[in-house]
Structure formats: C-alpha cells, structure tokens
Amino acid sequence: MNITQKIDKLRREKGALILAHNYQITPIQDLADHRGDSLQLSVLAEQAQSKLIVFCGVRFMAETAAILNPEAKVLLPVADAGCPMADMITAEQLIEFKAEHPGAKVVCYVNSSAAVKAESDVCCTSSNAVKILRSFPKDETILFVPDQNLGTWAAKQAKRKVIVWPGYCPVHQWGFTHRNLANLRASHPGFKLIAHPECDEDIVAEADEVLSTGQMEKYVAENDRLMIATDATFTDYLKHIHPHKELVALNNRARCRNMLKITLPDLLSALEKEKYEVKVDPDVARRAKRCLDRMLELST
Ligand code: 13P
Ligand code: SF4
C-alpha cells in the first residue's frame, strides 16, 4: 500500500474528515474530503458530522474549526504550522487599541488567535470583509485587526471609517513587486491580474479583480490567461485542475512556508496517533464563538 492508500484506509476506518486549505500541496488537496478558503472551511467545519477532523492548514484555521464544532476532535498535523500575521496582534494589544478608541467596534480577520477573536465584535474572512463592514452604520468607527491591507481595501469598497492595525502577511506584503508585474506583463501580454486582498495596496491597485482564494478558483474556472498574485502553491493547484489554461504566478517563489510544513507523512501520522489536538480554553472559545457566529449570520 502506498502512503495515499494508507491515509485513505485509515480515514475511512476512523470516520475522519480531512479539510484542506487552498494553499496546501496538491497531493493533500487531492486527498482531502473538502478544500477551500477560510470561510468555506469554517462553514464545513461547523456542519461536519464527523467526530474527528484533520485540518490541513495553519493553526488559526484549526482553532476556528474547534471553536465552531466543539463536539469534534480537531487535529493539526504539524503543531507549529502557524500564521505570522495572526501573531502580529495579541489580545492584550487589542484591549489597549480599544481603550485608545472608546466606542469603536472591532472587526477581526479570521487570521487571528482565538483570544483576539474573543475580544472582537465580529470576525471576517477575505471573501466577506466588505459585506461585514457594510453591516455597520456609515458613521461608526471600526477597528480592523490584524491585516492592514485587507482592512484598507475593504474599507474603501464598503465606504466605512476604519482604523487598521499595522499587521500584514509577509508572503503577500513582500512577495509581489512592480518589477514582477512589469516583467510578467511584458512576457504575457493581455493577461489579467487577479490578486488576494492581503497583497500590498500598490499591487491591489493594479488588479483587475481582488479575490479570496475560493473566489479565485471560481474566477479561474470561468476565465483564462491570468496572472495570479497569491501563494504560488495555490497557482500550482489551479494549473493541476485546469491543465489547458494559461495561468501564471506573479511570483513563483511567494509561498507560505507554514502551509508547506504539512506533508503526506504528517497527515498519516496525525491520523495514526490522533495528533496534534487543537484545544481552546473554554471561556475564550465561548467568547470567540460569538464573534464567528455573528460573521456566519451576516455572510449568509
Ligand atoms: P482565504 O480565506 O482567501 O483562503 O485566505 C486565507 C489566507 O491565509 C490567505 O493568506
Ligand atoms: Fe498567514 Fe500569509 Fe500564510 Fe496566509 S499566506 S497563512 S496570511 S502567513
């Protein structure tokens, strides 16, 4: 039996559900029961009937699944697969930020710890940030944490007063430059640019469409000849499912190192040893769930 067959056999025996984020390597995405962006995976985790969920992604995603589905045991195959952006704000820093802006509401990007979610009014993902901001009255001041790029872009779209925390994703902030874009425009004339809203606002300003990874997948299914500004492992996957389309990564070296930590042997070992279970302090989980539930209510 090869490793893929072993994983498949074990997940059936244990009735485990494998969820994979779009940035996971192709063999993991191909094996997963479901794959998707942060919002799609949150909804799937909440609705999952299985008592064992193996989350191939980064810690905040597995934590979100554990909060939304407290009945399930949620495993993260590599314990230190984290998100540097999520670590750019702590609950203590958010409490201070709120104290500096009394009366302001807090929208937290899902790329944040459970403790930060517990201190926020509503959560959002890259696919619903504009809708979530629009749910607030026009004159309300909103604190947006931790992604300055998503917060700035979504505030412009929603026409809301937003104060952003200066956090960012290193892959999207530093991964794409005007030089990358000029080179690719020269070698791929006529190609459109689709960009993730975590990209620097200079790149976002050049994009034909600004999309979450789930929205990108849909857009790619309906379009061709595209330059893609997000984690290049996802572009590899899009090319794998659309081998006849002309798709090119804006920077083939812009890859999330944390997402790449999970390999097939890690997934097998997670299933065999039921590790690493993601546990959230019950009080933090209860308060964070309010903020996630509010997002799910507003995004349906
Ligand atoms: P999506 O929700 O668009 O998949 O984004 C998650 C993420 O971490 C992007 O860096
Ligand atoms: Fe975090 Fe960036 Fe990796 Fe997404 S790509 S998980 S934001 S470090």
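Excluded from the calculations below are hydrogen atoms, water molecules and symmetry mates; all remaining heavy atoms, backbone and side chain alike, are included. Quantities reported herein were computed from a predicted structural model and do not represent experimental measurements. Start at 1 and go down the list; that is how both ligands and their atoms are numbered.
Protein heavy atom in closest approach to atom 2 (Fe) of ligand 2: Cys169 SG, 2.3 Å. The nearest heavy-atom contact from the protein to atom 8 (S) of ligand 2 is Pro84 CD, 3.3 Å. Of the protein's heavy atoms, Cys256 SG, 2.4 Å lies nearest to atom 3 (Fe) of ligand 2.
Remark: side-chain polar atoms of Lys245 are paired, donor with acceptor, to backbone N or O of Asn223 under 3.5 angstrom. Here the side chain of Arg225 pairs no donor or acceptor atom with the backbone of Lys192 at under 3.5 angstrom. Of the possible donor and acceptor atoms, none in the side chain of Ser50 sits under 3.5 Å from a partner among the backbone N and O of Ile53. Judged by distance alone, the side chain of Asn69 and the main-chain N or O of Ala45 form a donor-acceptor pair under 3.5 Å. Side chain of Asp33 to main chain of Ile18: a donor-acceptor pair is present (N/O by atom type, distance under 3.5 Å, no hydrogens or angles).
Of all atoms in ligand 2, numbered sequentially from 1 with element shown, those under 4.0 Å from a heavy atom of Met85 are 7 (S).
Residue contacts to atom 3 (Fe) of ligand 2: Cys83 brings no N, O or S atom closer than 2.8 Å.
The aromatic rings of Tyr237 and His240 lie tilted to each other, with the angle between the two planes from 30° to 60°. Tyr168 and Trp174 have perpendicular rings, their planes meeting at more than 60° on a 0 to 90° scale where under 30° would count as parallel.
The pair Arg294-Asp121 does not count as a salt bridge, with every side-chain nitrogen at least 4.0 angstrom from each carboxylate oxygen.
At least one heavy atom of Asn111 sits less than 4.0 Å from an atom of ligand 2.
Partner of Tyr109 under the side-chain contact (heavy atoms from CB on, under 4.5 Å) criterion, out of Cys169, Ser126, Cys123, Ser38: Ser126 alone.
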Between ligand 1 and the protein, which N/O pairs fall short of 3.5 Å?
from, atom 1, to, atom 2, distance (Å)
ligand 1, 2 (O), Ser38, N, 3.0
ligand 1, 2 (O), Ser38, OG, 2.8
ligand 1, 2 (O), Ser126, OG, 3.4
ligand 1, 3 (O), Ser126, OG, 2.7
ligand 1, 3 (O), His196, NE2, 2.8
ligand 1, 3 (O), Thr213, N, 2.9
ligand 1, 4 (O), His21, NE2, 2.6
ligand 1, 4 (O), Thr213, OG1, 2.6
ligand 1, 5 (O), His196, NE2, 3.3
ligand 1, 8 (O), Asn111, ND2, 3.1
ligand 1, 10 (O), Tyr23, OH, 3.4
ligand 1, 10 (O), Glu198, OE1, 2.8
ligand 1, 10 (O), Glu198, OE2, 3.1

